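Only one structure is covered here, and it is reproduced in the block below.
None of these values were measured; they are calculated from a predicted model. Counting starts at 1 for both ligands and their atoms, following the listed order.
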Amino acid sequence: IVIVIIAVVLGLTLRQNKSEFESTFLSRCEKFDQYDCKKVWDAFQQAYVNKDPCKVPVEAYDPLIAAAPFKPQCNRMMFWSKTKDVVHGFTEKRDCFVTLEDTLLGSVLDGLTWCGKEGSKDTFTTGCPRTCENNPVDSFWIRASAAYADVACGDVTAMLSGSTTTPFDPTSTFAKVEVTRFKAPKVRSLNVVMVIQKNAKSNCKNASLQKLKNALHKGITYSCKDVPESRIQECGSKPQIACRTCW
Ligand code: C8R
């Protein structure tokens with residue numbers, strides 16, 4: 001009995017406490033049924049733990065994507081660029097559309113910073129580099145965006161910002177990773193919602209959108225509609241407005 005007690009006490013003291021980061025990860029993950037969150041956590045960690053935080057390539061997250069694959073949600077998939085707050089303000093209130101942040105991986109990691117260190121088993125949340133190309137956070141969003149765009153189907157929506165001079169920004173993840181992954185005939189159309197705020201700098205006539213049309217695989221129909229931000233907010237707050245009549 002004494003030996004058992006000693007063993008238990010020793011075991012408890014030696015077992016590392018869960019970090020705040022891991023607790024956040026697991027509690028956000030557990031809101032989704034049908035996933036083994038401990039397995040997802042292990043697959044996540046193997047991407048960056050014990051590695052130089054400038055040497056985490058996009059492919060490091062392949063096992064994570066395999067452990068928590070994205071499910072296609074035809075006709076409801078929403079993409080965005082420079083409109084994160086407007087989009088999520090809307091999708092939080094209505095279930096017309098789903099974004100990457102509504103999926104397990106997107107919601108678990110949204111707003112978080114993480115990296116590892118060579119020779120350490122820990123996850124760090126401060127002092128993580130974001131300027132080198134292969135950093136853990138940027139590589140994750142690129143990999144997750146690619147996987148999310150790969151399952152796109154039906155009529156796809158994208159909210160772009162009329163408050164920038166180049167709403168289709170060739171350096172954005174939307175342009176570099178997502179648009180070129182939409183495949184006809186699985187994806188039927190790409191419908192741009194141009195968010196028009198006060199003092200807008202551009203609209204659907206902007207030249208960058210010609211580049212978007214050209215970047216789309218042939219067979220995918222393109223459309224663009226200028227929509228005041230106030231209309232998007234109104235549709236978010238009035239459930240009696242049907243999704244298809246929001247704009
Ligand atoms: N997507 C990309 N980046 C994401 C993201 C996401 O879902 N969620 C977060 N939090 N981030 P931007 P973009 C972080 O320039 O480059 C997907 C990342 O740190 O306004 O065109 C999503 O499916 C990233 O660097 O948009 C969406 O369609 C910035 O926010 C595009 O890609 C991206 O900010 C958006 O990527």
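Contact of the V179 side chain with the K211 side chain is not registered, since no non-hydrogen atoms from C-beta on lie closer than 4.5 Å. Within the 4.5 Å cutoff, the side chain of F25 has no heavy atoms near those of the T123 side chain.
Between the side chains of T99 and D102, at least one donor N or O sits under 3.5 Å from an acceptor N or O.
Rounding to the nearest 0.5 Å places SG of C153 at 10.5 Å from CZ of F182.
For ligand 1, the 4.0 Å heavy-atom shell contains residues F79, W80, S81, K82, K84, L100, E101, D110, R130, W141, S145, S172, T173, F174, E178.
Tested against I232, the residues T83, V227, V87 include a single side-chain contact (heavy atoms from CB on, under 4.5 Å) partner, V227.
Classified by interplanar angle (parallel below 30°, tilted 30° to 60°, perpendicular above 60°), the ring pair F21/W41 is tilted.
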